[in-house]
Amino acid sequence: MIHVTINGKAIEIAEGSTILQAAKSAGIQIPTLCFLEKREPLGACRVCLVEVEGARTLVAACSTPCTEGQVVHVNSPKARAARKQVVELLLSEHDGDCQTCERNEDCELRKLASDMGIRTVTYGGARAAPRRDETTPALVRDNSKCIKCRRCVTVCNQVQGIGALFPQGRGFATVIGPAFASDLDGVTCVQCGQCAAICPVGAITERSAIDAVWAALDDPAKTVVVQTAPAIRAALGEEFGYPPGTRVTGKMVTALRQMGFDAVFDTNFAADLTIMEEGTELLTRLKRALVDKDKTAALPMFTSCSPGWIQFAEYYYPNFLDHLSTCKSPQQMFGAVAKTYYAQKIGKKPEDLVVVSVMPCTAKKFEAQRPEMNASGVRDVDYVLTTRELARMIRQANLAFTELPDGEMDAPLGLSSGAADIFANTGGVMEAALRTAYEIVTGRELPAENLHVKPIEGLDGIKEAALKIERTQPAWSFLEGAELKVAVAHGLGNARKLLEMIRAGEAQYHFIEVMTCPGGCIGGGGQPRFTDDGVRLKRISAIYAEDESKKLRKSHDNPAVAELYRDFLGKPLGHKSHELLHTHYAGRERR
């Protein structure tokens, strides 16, 4: 430990810590734009300049280490003036279309300018040439708004390991984007949206479906239903002033109903359905491998509910595609069931039913448009909104969200278990699957504290657990005494590490969950900004509380899912479910 003084306050901090970390530990705020926690600091934006006694110049707090006896002044006249000038220079290059920019409510640059008392653009001059890239279903880039903070470069390269975005050129001519001035559809981009989630301005945003959804709601010839992913209920409230981790499920349902949706359903219903299909698929593969000695029974089996992960595997690891579960994601399962089973129930043609998804994920926009996602004869999911887009629609509908009463999901596709809720968290899909698979095999409840598998909870990048199976049901006697080994990875950089370990023979598992985004869906690219680990942990805690508040906590106990099998699908992995709920993937050429 070393001792420093910041703004006259004595602070003890671990050696190697930066001034920014020391200040934060003492509750002293230093503004930043380029900094991302747990990543090497760039010192690129210079917004965090502070004065250090004895130093020749001002220093960047994010990249300057603390030293014993160091004395730092955050609010000296020299430091304040320098930070203000940096922001004024950024404003001089930025296309400040604040009146119509969708980031005007949560733009970090605008907030900094306001906090620093900047009321006019001090420096006039050239601005970046405008160029909009709207080539992907999920994301829109606007280079005229880019302030070159390089956060997107950090998250794309260091966190996700994709490398779709880089700085190119020098000085004022620097452009942040794909190589060779390509558009996003010309490079290996999985459309995860983490770049849009951490961009401080409006340079990268989700591609909006708001106008299309309003048009569908206003069309009297269409029946419009909506499904909401589990992560939405723990994050939407942040858009309306609630603290991170506040559950707003009931208010969200009421808002959607008042906006004009004909039925408000829950993606959690399809998450329970996914567990029935995916759990059966895992047990079937285990039987083929252990009893039939079938070498084509690809193990380990990977989850397939995260579309960014699917694209990542298609681009970088096509040899592992046979290991992916053939199950569609809950979003796509819901669409297929809604446009067949539910459409029949209400006497509607699939083409007259519009399915809207509210997702924490921008890659879901891409997934809904995949050509194979039309099991109902038409596109299974018509439009995908992010959490942020839903919040904008609620405001457009002039709803006082905080004053709304709590509503309940509609039947039959609105009933779900707590196991479906935890799909939102890293490790949640795995835990939900284990709750069901273990009980099917043994006839007993999963022997875990409150049904939670603790080793796969939390924010470690790669987590693993082993489950001993004892005293099985007769049909599963071949698993008696076996140890089921599972692993969980979140963030595609961690997925790559795990896959390389498996490829090198350094690790062996039976079942693996991969989530594209850090923290899982609660940290998705379409969630309210700004998401750091503190926010992720609060949302995760809210999702576990939602699970624990349910009477039904295992997917196989969902009576609405049982009714769906009895009246329509037949059985898990049956002919009908294979047609509607399963698919296969093929490798893509890396660009």
Assess the residue pair C156 and Q194 against the criterion (side-chain contact (heavy atoms from CB on, under 4.5 Å)); give the C-alpha distance rounded to whole Å, side-chain angles, the decisive distance to 0.1 Å, and a yes or no.
CA-CA 7 Å; C156 188; Q194 285 299 306; over 6 Å; no

Is the shortest side-chain heavy-atom distance between [X] and [Y] below 4.5 Å?
X    : Y    : value
F511 : L286 : no
K287 : L283 : no
Q258 : L404 : yes
P559 : L552 : yes
E470 : T442 : no
I275 : H556 : no
I512 : M301 : no
Y341 : E563 : yes

Nearest 0.5 Å, what's the [atom1]-[atom2] distance between [X] and [Y]?
X    : Y    : atom1 : atom2 : result
F240 : L399 : CZ    : CG    : 8.5 Å
D294 : L290 : CG    : CG    : 11.0 Å
N425 : I522 : CG    : CD1   : 6.0 Å
L467 : M430 : CG    : CE    : 10.5 Å
E278 : S325 : CD    : OG    : 4.5 Å
L492 : L498 : CG    : CG    : 12.0 Å

So which atom in [X] and which in [Y] form the shortest heavy-atom distance, rounded to 0.1 Å?
X    : Y    : result
V159 : P518 : CG1-CG, 3.7 Å
T472 : L479 : CG2-C, 4.0 Å
E579 : A375 : O-CB, 3.6 Å
F366 : R588 : CZ-NH2, 3.3 Å
A586 : E314 : O-CG, 3.3 Å
C305 : P330 : CB-CD, 3.6 Å

Pair I394, L236 - check side-chain contact (heavy atoms from CB on, under 4.5 Å), show working.
CA-CA 11 Å; I394 291 171; L236 178 62; 4.2 Å; yes

Measure up the Y316 and F312 rings against each other and bin them: parallel (under 30°), tilted (30 to 60°), perpendicular (over 60°).
tilted

What orientation do F401 and Y242 show, parallel under 30°, tilted 30 to 60°, or perpendicular over 60°?
perpendicular

Full working for side-chain contact (heavy atoms from CB on, under 4.5 Å) between S577 and E277:
CA-CA 8 Å; S577 64; E277 295 291 325; 3.4 Å; yes

Tell me whether [X] at atom [atom1] has more than 12 heavy atoms from other residues, nucleotides or ligands lying less than 6.0 Å away.
X    : atom1 : result
H323 : NE2   : yes
K497 : NZ    : no
R471 : CZ    : no
E589 : CD    : no

Considering only NZ, NE, NH1 and NH2 on the basic side and carboxylate oxygens on the acidic side, decide whether [X] and [Y] come within less than 4.0 Å.
X    : Y    : value
R285 : E281 : yes
E439 : K554 : yes
K349 : D352 : no
K365 : E389 : yes
R503 : E500 : yes
R539 : E238 : yes
D547 : R435 : yes

List for me each residue that meets side-chain contact (heavy atoms from CB on, under 4.5 Å) alongside T583, sequence neighbours excluded, and say none if there are none.
K328, E372, M373, Y585

Who passes side-chain contact (heavy atoms from CB on, under 4.5 Å) against V253, sequence neighbours left out?
R257, V264, M409

Which of these, R207, R370, Q369, sits in a side-chain contact (heavy atoms from CB on, under 4.5 Å) with P137?
Q369

Enumerate the residue pairs fulfilling side-chain hydrogen bond (donor to acceptor under 3.5 Å, both in side chains) with a member in residues 261-273, sequence neighbours excluded, ordered by first and then second residue.
Q227-T267, R233-D266, N268-D421, D272-S417, D272-S555, D272-N558

Considering only residues two or more places apart or on different chains, which pairs with a residue in residues 297-312 satisfy side-chain hydrogen bond (donor to acceptor under 3.5 Å, both in side chains)?
S306-T516

Quick check on the 6.0 Å ring-centre criterion: do Y342 and F265 meet it?
yes

Centroid separation under 6.0 Å, is that true for the rings of F334 and F269?
no

Name the atoms and distances for all side-chain donor-acceptor pairs under 3.5 Å in residues 482-491, with sequence neighbours left out.
{"residue": "H490", "atom": "ND1", "partner": "G519", "partner atom": "N", "Å": "2.7"}
{"residue": "H490", "atom": "NE2", "partner": "L459", "partner atom": "O", "Å": "3.3"}
{"residue": "H490", "atom": "NE2", "partner": "D460", "partner atom": "O", "Å": "2.9"}

Determine the sole option in Q527, E206, E239 for which the side chain to side chain donor-acceptor pair (under 3.5 Å) test with R388 is passed.
E206

My understanding is that only one of D380, D382, N374 makes a side chain to side chain donor-acceptor pair (under 3.5 Å) with K339; could you say which?
D382

Is the side chain of [X] donor-acceptor paired with the backbone N or O of [Y] at a distance under 3.5 Å, no angle test?
X    : Y    : result
S208 : I210 : yes
T136 : D185 : no
R247 : I543 : no

Would you please test E513 and F302 for side-chain contact (heavy atoms from CB on, under 4.5 Å) and show each step?
CA-CA 6 Å; E513 175 204 301; F302 290 83; over 6 Å; no

Check residues 446-457 and write down every donor-acceptor pair under 3.5 Å in which the side-chain atom is one partner and the other belongs to a residue at least two apart or another chain.
{"residue": "N450", "atom": "OD1", "partner": "R553", "partner atom": "NH1", "Å": "2.8"}
{"residue": "H452", "atom": "ND1", "partner": "E431", "partner atom": "OE2", "Å": "2.9"}
{"residue": "H452", "atom": "NE2", "partner": "E548", "partner atom": "OE2", "Å": "2.6"}

Polar contact flag, side-chain donor to acceptor under 3.5 angstrom, E367-S329
yes

